[in-house]
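Numbers here are sequence positions counted from 1.
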Amino acid sequence: MKKNSFIILLFLILYLVTGCGSASPKITKEEAESIAIENHSGAIDEVKIISVSHKRGEYVVKW
């Protein structure tokens, strides 16, 4: 009984870890860039995108 509980717990942890690591973005890289430009273009004259990276299911846009 103890061995079965351990195996079930191991599979549960493995399932949770693999599910969280493969989050895919809901928008494209280009859409993330255009959203950043639209949101910040009124405050300053020109927005220049420095980098766009994908972390934990979200885009990080540096401008």
Side-chain angles (χ1 to χ4, degrees):
M1 184 67 180
K2 205 172 197 180
K3 185 177 180 181
N4 289 340
S5 299
F6 178 74
I7 291 172
I8 291 172
L9 181 63
L10 182 66
F11 279 118
L12 179 63
I13 291 172
L14 183 63
Y15 176 74
L16 290 174
V17 169
T18 58
C20 295
S22 63
S24 61
K26 295 180 180 175
I27 61 172
T28 64
K29 180 180 176 181
E30 291 77 20
E31 288 174 327
E33 289 177 359
S34 67
I35 289 170
I37 290 170
E38 288 174 9
N39 287 341
H40 299 289
S41 63
I44 51 179
D45 293 335
E46 182 180 339
V47 176
K48 181 180 177 183
I49 303 295
I50 297 171
S51 68
V52 179
S53 59
H54 182 256
K55 292 182 182 179
R56 298 183 184 172
E58 296 180 343
Y59 281 108
V60 177
V61 181
K62 294 184 181 179
W63 52 276

Residues that I49 engages under side chain to side chain contact (heavy atoms under 4.5 Å, CB included), provided they are two or more places apart:
E33, A36, I37, V47, V52, V61, W63
So, the side chain of E58 versus the backbone of K55: is there a donor-acceptor pair under 3.5 Å, distance only?
no
Heavy-atom closest contact (Y59 atom, K29 atom, distance)
OH-N, 3.4 Å
Tell me, please, which residues at least two apart from I50 pass side chain to side chain contact (heavy atoms under 4.5 Å, CB included).
K62
In Å, rounded to the nearest 0.5 Å, how long is the span from CG of L10 to OG of S5?
12.5 Å
